[in-house]
Amino acid sequence: MGFEGRADSNGAGPRTWGIWLLSVALALAVTPADASPPSDSVANSPQAAPGDPSADAEALLEFHFKPVAGLQIAIWLEDTSGNFVEDVLVTQATAKLGIGNRSGMTTFLSSWRAPYGPRPSVLPIWAHSRGKTYPRILFHDANLNNHTSLGFHESSSSAETYFCRPLTPTEDNAIVDTMTCPSPATFRSDKGQFAPGGQTSVYPPRNDLTSFDENRDSEDTKSYAALNELDMISRATPSPGPYLFAHRIHFDQVPAGSLVAWIEVSLERDENPDWEFDREDDHWVDPKLPAYGREYFGQPAVVYRVEFDPAVPGYTSVTEYAGYADWDGASGTVHPPDSTISASGGSGADRLQVHDKFDVLARFGIYSHGWSTSGDGDGDGDGDGDGDGDPTGGGGGCTTVDLPPVQDLQLTPTDFDTVTATFRLPEVPDGIELSTLFAGWITPETTDFQLGASKAVAGIPRLCREPGELDCIEAGPGDQVTIEIDQLFGNYTYSIGVHYEDICTNRSEIAVADVTTPAQEFQTIDGACFIATAAWGAGWTHELRALRWFRDVYMIDQPIANDLVRAYYAYGPVLANMIRDVPPARAAARLMLRPVAGVAKQLVMGAGAEPGPR
């Protein structure tokens, strides 16, 4: 068959799925997020720096911006000469899931959680600025003829933990509402191998794999995680709206004087008249699977640049973007702004929207709390340990502390794709102010929960800092908290980890529990069953379920059947379009297919499997 779908021999799908969508957050400021800067600082104005701090001094930085939905984002620091200093944040599809460096062709069409096709244009200015390279990833499939195809990699495919089978444009549109893959339990993917001849990429491979199929995966896949060092700065894609991310820098690990903060943002299918692309002419449409995938090319990634002095407490921001990347990601060149890049409607330079912070309108800003060496451990900066000092003192008075895990973690499945987590925030030392909640998950369940291998859960509200704040959770030490963990899959068992941070970015221990989601009753129409779907007009009839189940269980490894499926995928869309709007033709197709579906159902039921929704 065309895609690497296959049910386990007992009829249950693999439980190796996972998302980390770790939600990061916000309000890590020592000064409340909505307050003005301290009176001794002036936004966007240089000031005299204090005396040289000690080597172990730190500065708490806040990065403020307002993204639109669906962005890939990188934030990093350079010196004023353009030398890379350190990573701050990279969204997890690029940092953890390897979309910049994976099997397939760059011109492969896309869809929701598409498994194949490297995206070198996703964040190229960031990627090239780091000066690092990684082995390039190619298909592990021994049949080179399949390296230009979205499917047919069964012999080299193993259980997938995140990505879905390629979708038709119609399915992809439906995913916006359902946020779940059709038949996720039956999809397997080719995880790739290192390209021969020392070929390299500026993007890391995925590092979320926790189990390996000795018969189908390359040995190289076991090395992916060790090559990818971005675990701790990987974050879920932010939800639309004002966003704050905090980061501590160490005085002895950055150059003296001013620094430059960059943010790069990209968005699939962000087209305009100057950057307009066509599915058939500009992408590779797989002739074996022509109905699958939609175009993803659009305007290139754009960057914003802010120069600031971390020694000077205050807010520095910009409204205009600094430039845009190569359209194909070939280099780290920053092309100067021009009229080809959109500036409104959430497109182009407006992917980061203007918002008001500290009474300053900007698209990207950095607030520094200045250098400080704090040994009091209470976060107030006065060194007496009582928590009543001035929190706007240099560096915010931050120090490194150990935080206990949340207590009494309980997980309850509330839908096939949603789990409710209930827990109690622990008591913490005086002066410690909690800020952000995080959750991530791994599937199948594990007794050794590694944060780096988990996927972050997006959209978890931050903890409120001020009375009357909106879109936050009013809770403190000792209070019970409930959060939702969504975009899961039915009939999977997950290990879910929950932790939190304080305003100084100290991270708690992780509390972990297991949960199994119920089976999904109905799913999005599987567009692969072209003629059958056209004949019945719905994707959840008993006939379609039986045909799909039979396909996944019995046809995947049979050479003759595989050839039949290839032909069906090649010509099915044309035949389906011919009968879809012709009632007599649809009736005739149903008449011919129903006996086949009946036999398929009997075989599947005889094997002890229930042909549920596919």
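- Pro124 has its side chain out of reach of Asp326: every pair of non-hydrogen atoms, C-beta onward, lies at least 4.5 Å apart.
- Residues Thr91 and Leu71 fail the side-chain proximity criterion, which asks for heavy atoms closer than 4.5 Å.
- A salt bridge links Glu214 with Lys222: at least one charged nitrogen is closer than 4.0 Å to a carboxylate oxygen.
- Taking 4.0 Å as the cut-off between side-chain N and carboxylate O, Arg113 and Glu160 do not count as a salt-bridged pair.
- A distance of 6.5 Å separates CD1 in Ile175 from SG in Cys164, rounded to the nearest 0.5 Å.
- Judged by a 6.0 Å distance limit and a 45° cone about the ring axis, Arg102 is positioned over the six-membered ring of Phe163.
- Contact of the Phe245 side chain with the Ile73 side chain is not registered, since no non-hydrogen atoms from C-beta on lie closer than 4.5 Å.
- Remark: the backbone N or O of Val122 is paired with a side-chain donor or acceptor of Ser266 at under 3.5 angstrom.
- Of all non-hydrogen atoms in Ser347 and Asp270, the two that sit nearest each other are OG-OD1, 2.5 Å.
- Side chain of Asp415 to main chain of Thr418: no donor-acceptor pair is present (N/O by atom type, distance under 3.5 Å, no hydrogens or angles).
- Looking only at distances, a side-chain donor or acceptor of Ser201 sits under 3.5 Å from a matching main-chain atom of Tyr203.
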For this session: Go through the steps for Phe139 and Ser156 under the test side-chain contact (heavy atoms from CB on, under 4.5 Å), then give the verdict.
Result: CA-CA 8 Å; Phe139 277 120; Ser156 57; 5.9 Å; no

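- Salt bridge status for Arg206 with Asp208: present, with a side-chain N to carboxylate O gap under 4.0 Å.
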Problem set entry | side-chain hydrogen bond (donor to acceptor under 3.5 Å, both in side chains) between Asp514 and Ser495, worked out | CA-CA 4 Å; Asp514 296 340; Ser495 290; 2.7 Å; yes

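- Looking at heavy atoms from C-beta onward, Ile137 lies in side-chain contact with Ser103 at the 4.5 angstrom threshold.
- With a 6.0 Å cutoff to the six-membered ring centre and a 45° limit on the axis angle, Arg119 counts as a cation-pi contact of Tyr296.
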Exercise. Step by step, would you call Val265 with Leu352 a side-chain contact (heavy atoms from CB on, under 4.5 Å)?
Worked result: CA-CA 8 Å; Val265 293; Leu352 296 186; 4.0 Å; yes

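- Side-chain contact check for Trp76 versus Ser129: some heavy-atom pair is nearer than 4.5 Å.
- No option in Arg216, Arg188, Lys191, His140 other than Lys191 meets the side-chain hydrogen bond (donor to acceptor under 3.5 Å, both in side chains) test with Ser158.
- Counting only N and O atoms by type, the side chains of Asn146 and His153 include no donor and acceptor under 3.5 Å apart.
- Atoms OG and OH, from Ser111 and Tyr116 in turn, are 11.5 Å apart once rounded to the nearest 0.5 Å.
- With rounding to the nearest 0.5 Å, the separation of CG in Leu230 from CG in Leu227 is 11.0 Å.
- The main-chain N or O of Thr148 is found under 3.5 Å from a side-chain atom of Trp284 such that the two form a donor-acceptor pair.
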Exercise. Would Glu501 and Thr436 count as a side-chain hydrogen bond (donor to acceptor under 3.5 Å, both in side chains) if you check the C-alpha gap in whole Å, the side-chain angles of each, and the deciding distance to 0.1 Å?
Worked result: CA-CA 5 Å; Glu501 286 185 357; Thr436 310; 5.0 Å; no

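- Not one N or O on the side chain of Ser234 forms a donor-acceptor pair closer than 3.5 Å with the backbone of Asp231.
- A heavy-atom distance below 4.5 Å is not found between the side chains of Phe108 and Pro166.
- The nearest pair of heavy atoms linking Gly104 to Pro118 is O-CD, 3.3 Å.
- Pairing each heavy atom of Asn228 with each of Lys96, the nearest pair is ND2-CA, 4.3 Å.
- Considering every non-hydrogen atom in both Thr106 and Pro120, the closest pair reads CG2-CD, 3.7 Å.
- Between the side chains of Asp220 and Gln193, not a single donor N or O lies within less than 3.5 Å of an accepting N or O.
- Counting only heavy atoms from C-beta outward, the side chains of Asp278 and Glu295 never approach each other to under 4.5 Å.
- Under the 4.0 Å criterion applied to side-chain N and carboxylate O atoms, Glu271 and Arg279 are not assigned as salt-bridge partners.
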Problem set entry | Derivation and outcome, side-chain contact (heavy atoms from CB on, under 4.5 Å), residues Glu484 and Thr420 | CA-CA 5 Å; Glu484 278 199 347; Thr420 296; 4.3 Å; yes

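- Here the straight-line distance linking atom OH of Tyr500 with atom CD1 of Ile460 works out to 15.0 Å at 0.5 Å rounding.
- In this structure, Leu109 CG and Arg294 CZ are separated by 10.5 Å, a value rounded to the nearest 0.5 Å.
- Put simply, the side chain of Asp190 gets close to the backbone of Gly192: a donor and an acceptor are under 3.5 Å apart.
- When all heavy atoms of Tyr494 and Phe489 are compared, the pair lying nearest together is OH-N, 2.8 Å.
- Between Tyr224 and Phe194, the two ring planes are tilted [angle within 30° to 60°].
- Atoms CG and CG, from Leu150 and Asp286 in turn, are 5.0 Å apart once rounded to the nearest 0.5 Å.
- Here the side chains of Pro67 and Thr237 are not in contact, with every heavy-atom distance at 4.5 Å or above.
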Exercise. Taking it one step at a time, do His499 and Leu451 satisfy side-chain contact (heavy atoms from CB on, under 4.5 Å)?
Worked result: CA-CA 10 Å; His499 66 286; Leu451 185 62; 3.9 Å; yes

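- We find that Arg269 and Asp172 are joined by a salt bridge, their nearest charged nitrogen and carboxylate oxygen being less than 4.0 Å apart.
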Exercise. Can you list the steps and then say if His283 with Phe277 is a ring pair (Phe, Tyr, Trp, His ring centres under 6.0 Å)?
Worked result: CA-CA 9 Å; His283 297 75; Phe277 300 92; 7.1 Å; no

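- Judged purely by atom type and a 3.5 angstrom limit, Thr517 uses its side chain to pair as donor or acceptor with the backbone of Asn491.
- Nearest heavy atom pair, residue Thr210 against residue Ala453, reads CG2-CB, 3.5 Å.
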